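Since the structure comes first, as C-alpha cells, the remarks are kept for the end.
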Amino acid sequence: MSQGIPARAVGYGFAATTAGAWWLAGRRERGVLAVTGSTVAAQFALHGWFDFAQASAGPPAMPDSGAWMTHDASSAMGSMPMDGPMTSHWSPGMVAAHSLAAVLCGLWLWRGEAAVFRAGRALAVFVFAPLRRAERIRAVCQVPPPARPVWFFVPVQPVRGVLLRHDIARRGPPMPAVCC
C-alpha cells in the first residue's frame with residue numbers, strides 16, 4: 001500500500017485471524033471448500049480492515065526540510081493529490097490478485113492439513129499396532145481361570161449337636177470311675 005498501516009491495526013488483524021483459526025480448528029479434518037473459503041474470507045476481511053485502518057490514520061506525515069527529502073521534493077509531493085480518508089482501493093486487478101492468492105494459499109493449507117492428518121494416522125498405527133498385537137498374544141497365551149468347584153448339597157445339621165459331639169471335658173474334678 002502507498003501509506004503505512006498502524007501497528008495496532010496489524011496486531012488487531014493478527015489477533016482476529018488467530019482467534020478465527022483457533023475457533024475453526026478441531027479434531028476432524030476440514031474439506032477443501034471449508035479451508036479455501038475461510039482463507040478467501042480472511043484475505044478480504046484483512047484487506048478491508050487494513051484499508052479502513054490506513055484511511056483512518058490520515059495522510060502520511062511529511063518530513064521536514066532537514067530530512068532525507070529536499071524542500072523541493074517535499075513541496076512537489078505536497079502538490080500531489082492525496083486520497084481522502086474514505087477512499088477505497090478495491091480495483092478489479094486488486095480483487096483478482098487477492099482472490100488468486102487466497103485460493104492458492106487455501107489449497108496449499110488444505111493439502112498441508114490433509115498431510116498432517118495422514119501423518120497422525122500413520123503415527124497412531126505405528127504406535128498402537130504393536131500394542132494391539134501384544135494384547136492379542138496375551139489373550140491367546142493366558143491361562144484359563146480355574147474351573148469353579150462343584151458344590152454338592154450337604155444336609156444342614158443342628159449346630160448344637162455338631163459342636164458337642166466330639167467334646168472332651170478335661171477341666172474340673174476327675175470323673176468317678178465307672179468300672180472299679
Side-chain angles (χ1 to χ4, degrees), residues 1-63 67-69 73-74 77 80-150:
M1 295 182 155
S2 61
Q3 300 177 23
I5 300 172
R8 288 188 346 202
V10 175
Y12 291 149
F14 177 76
T17 306
T18 304
W22 187 269
W23 181 68
L24 288 174
R27 292 180 179 238
R28 63 183 178 95
E29 189 174 352
R30 306 282 183 201
V32 66
L33 293 177
V35 174
T36 307
S38 299
T39 306
V40 170
Q43 178 81 11
F44 282 107
L46 284 174
H47 185 79
W49 169 248
F50 291 152
D51 191 28
F52 173 75
Q54 186 180 21
S56 298
M62 298 300 292
W68 57 275
M69 268 195 221
S74 65
M77 195 159 178
M80 297 172 81
M82 288 292 189
D83 293 333
M86 297 307 286
T87 304
S88 179
H89 300 285
W90 293 81
S91 67
M94 184 280 310
V95 171
H98 278 265
S99 298
L100 180 64
V103 167
L104 289 177
C105 287
L107 292 173
W108 188 25
L109 287 173
W110 169 65
R111 291 308 304 155
E113 182 186 33
V116 166
F117 272 92
R118 188 172 42 243
R121 287 189 294 268
L123 181 65
V125 167
F126 179 74
V127 170
F128 292 114
L131 296 176
R132 279 194 222 117
R133 188 176 304 123
E135 179 64 27
R136 274 188 260 130
I137 290 171
R138 187 185 68 79
V140 169
C141 296
Q142 186 177 10
V143 177
R148 294 184 64 194
V150 178

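For clarity, every value in this text was computed on a predicted model and none was experimentally measured.
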Atom pair CZ (Arg118) and CZ (Arg121), whose distance is rounded to the nearest 0.5 Å = 7.5 Å

ask   = Is the backbone N or O of Glu113 less than 3.5 Å from a side-chain atom of Arg30, with the two atoms forming a donor-acceptor pair by type?
value = no

note = With sequence neighbours left out, the residues meeting side chain to side chain contact (heavy atoms under 4.5 Å, CB included) with Arg132 are Phe128, Arg136

Can you give me every donor-acceptor pair (side chain of residues 99-111, partner residue at least two apart or in another chain, under 3.5 Å) with its distance?
| residue | atom | partner | partner atom | Å |
| --- | --- | --- | --- | --- |
| Ser99 | OG | Val95 | O | 2.7 |

query = So with a 6.0 Å cut-off around CZ of Phe14, is the heavy-atom count from everything else above 12?
reply = no

Please list every donor-acceptor pair under 3.5 Å in which a side-chain atom of residues 37-45 meets a protein atom from a residue at least two apart or in another chain.
| residue | atom | partner | partner atom | Å |
| --- | --- | --- | --- | --- |
| Ser38 | OG | Ala34 | O | 2.7 |
| Thr39 | OG1 | Val35 | O | 2.8 |
| Gln43 | NE2 | His98 | ND1 | 2.7 |

